[in-house]
Amino acid sequence: MSTHIAVFHPHQLSTWKRLVNVQEEIGKLETEKEEISIQVKYLVETQDQSMLQALPNYQVLRNRGREIRHQLNSLYQKELELDEKYYLKALKLPNWTHPDVPVGDESQARVVEVVGEKPAFDFKVKGHLEIGEDLDIVRQRRLSHISGHRSYYLRGAGAMLQHALVQFTVSKLVKQGFIPMAVPDLLRGAVFEGCGMQPNAVPSPVYNIDPSRFEDLCLAGTSEVGIAGYFMDHAVNLEDMPVRTVCSSTCYRTETDTGKEPWGLYRVHQFTKVEMFGVTAAESGEESTALLEEFLALQKEIFSELGLHYKVLDMPTQELGLPAYRKYDIEAWMPGRGKYGEISSTSNCTDYQSRRLNIMYYDQTGQLHYAHTVNGTACAIPRVLIALLESNQLQDGSVRVPAILQPFLGVETIVKPSYAPLKYIGPNQPKRR
């Protein structure tokens, strides 16, 4: 079995060795302290109280007991410091990787499959933002003083498309045996850390709520965190596994690399996403592998039913993040952008998250074992909207609605609304005399 690029650093091992040595020393002293306590108790119970203080052995034992207490107090503090130091370093260690995972950076991703064909146009294609603005269904301009950069509004058919995608995806997965869930958006840092994320990294990938008012709360960038938190410190019955969960939630991401995709819906601070999350047994070790393949098959079904052209990628070691043992990405063709763009990923995290979050299952004998976790994007709304709008645009500026979504929207084509778009009149500032 191969590993990620990151491995135990010598300094990490030295911290661990020092911690083990301190804990061994603590163990020896605690044993000696217990023995002294027994001997002192024996003397107290068998000797005359008036003679007790004069007994040399009694005083030796008392003095040694006092020494041990001072030593232990110092060692407990040392153990606490080393444990925290080791823990913070250990948090950065990745999972193992599947032996078939390509080694290297993003350029080493292996194309597993290409599905469908690129849509052909006999006119100049537009990008999704231009299409959306012309139809008054997407707005991203004039928002810096309202909601900041990388924010957007969906209106009319744009909002209906979002609802349609959520309803279509959730209802499809519920029919496949997924349990629907609604989760908190605000969660403790420990849950993020347990999932393999680093909320305290600089710059932080997550939004931290003002710690002076609300202690240790962050906004989740995916409902994976909330769902994992639901299972944290709990055990699932083996007979109920795998447990499949589906959740639609609002996701919040800082997108600190501000140079990438500053306009459009591809990289935004807040969006709606439907997520799949699975908890499997680890009796054979292959259960999570099977669920990963199931999640990938469902993603392909969803995107094929939406009529998208896409490719499936087996992601290389440097793209797995900390928790993934294996990860598949799906990239859809986006004609207006003139390139493929990632619309989903699905990862097998084996027992990486469950060991950190204490997610377990119990067998018929009541024995507890660490579970495996699998997650996958079922539908990230903004990026799917990009692919849908750009792939289904018509020459007159209207957009064809995929057949599978037509029952949700009640129309076959999105056209300009009958009402006039809002007219910008400028900010409300005091008039000069």
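Everything numeric here is computed off the predicted structure, so don't read it as measured data.
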Mark yes when over 12 heavy atoms from residues, nucleotides or ligands other than [X] sit less than 6.0 Å from its [atom1]; otherwise mark no.
{"X": "Y230", "atom1": "OH", "result": "no"}
{"X": "E301", "atom1": "CD", "result": "yes"}
{"X": "Y76", "atom1": "OH", "result": "yes"}

Please tell me if the side chains of [X] and [Y] come closer than 4.5 Å, counting only heavy atoms from C-beta onward.
{"X": "K172", "Y": "I404", "answer": "no"}
{"X": "Y361", "Y": "T280", "answer": "no"}
{"X": "T169", "Y": "V246", "answer": "no"}
{"X": "F271", "Y": "R150", "answer": "no"}
{"X": "E239", "Y": "Q364", "answer": "yes"}
{"X": "L265", "Y": "R383", "answer": "no"}
{"X": "M181", "Y": "F277", "answer": "no"}
{"X": "F303", "Y": "S344", "answer": "yes"}

Testing the basics here: between [X] and [Y], what is the closest heavy-atom pair and its distance to 0.1 Å?
{"X": "K273", "Y": "G221", "value": "CE-O, 4.4 Å"}
{"X": "H269", "Y": "Y207", "value": "ND1-OH, 3.0 Å"}
{"X": "M276", "Y": "T377", "value": "CE-O, 4.1 Å"}
{"X": "L320", "Y": "V101", "value": "CD1-CG1, 4.1 Å"}
{"X": "E287", "Y": "A282", "value": "OE1-CA, 3.7 Å"}
{"X": "P199", "Y": "S204", "value": "O-OG, 2.7 Å"}

Donor-acceptor pair, [X] side chain versus [Y] backbone, under 3.5 Å?
{"X": "T250", "Y": "T272", "answer": "no"}
{"X": "H234", "Y": "M232", "answer": "yes"}
{"X": "R139", "Y": "R141", "answer": "yes"}
{"X": "K327", "Y": "S345", "answer": "no"}
{"X": "T317", "Y": "G104", "answer": "yes"}

Salt-bridged, E30 to K33, with N to O below 4.0 Å?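 Judged by the 4.0 Å cut-off on N to carboxylate O distance, E30 and K33 do not form a salt bridge.
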The side chain to side chain donor-acceptor pair (under 3.5 Å) partners of R356 (sequence neighbours excluded) come to none
Under the criterion side-chain hydrogen bond (donor to acceptor under 3.5 Å, both in side chains), which of R326, H98, Q108 is the partner of D314?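 The option that passes is R326.
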Hey, which of H309, K118, E331, K311 is the one that makes side-chain hydrogen bond (donor to acceptor under 3.5 Å, both in side chains) with Y340? H309
Measuring from [X]:[atom1] to [Y]:[atom2], what's the distance to the nearest 0.5 Å?
{"X": "E390", "Y": "L388", "atom1": "CD", "atom2": "CG", "value": "10.0 Å"}
{"X": "Q140", "Y": "W263", "atom1": "CD", "atom2": "CH2", "value": "6.0 Å"}
{"X": "L238", "Y": "E283", "atom1": "CG", "atom2": "CD", "value": "5.0 Å"}

Do the side-chain N and O atoms of Q299 and Y310 include a donor-acceptor pair separated by under 3.5 angstrom? no
Run the numbers on H128 and Y266 for side chain to side chain donor-acceptor pair (under 3.5 Å), then give the verdict. CA-CA 10 Å; H128 64 282; Y266 193 79; over 6 Å; no
Kindly assign one of parallel, tilted or perpendicular to the pair W16 and Y86, based on the angle between their ring planes and the thresholds 30° and 60°. tilted
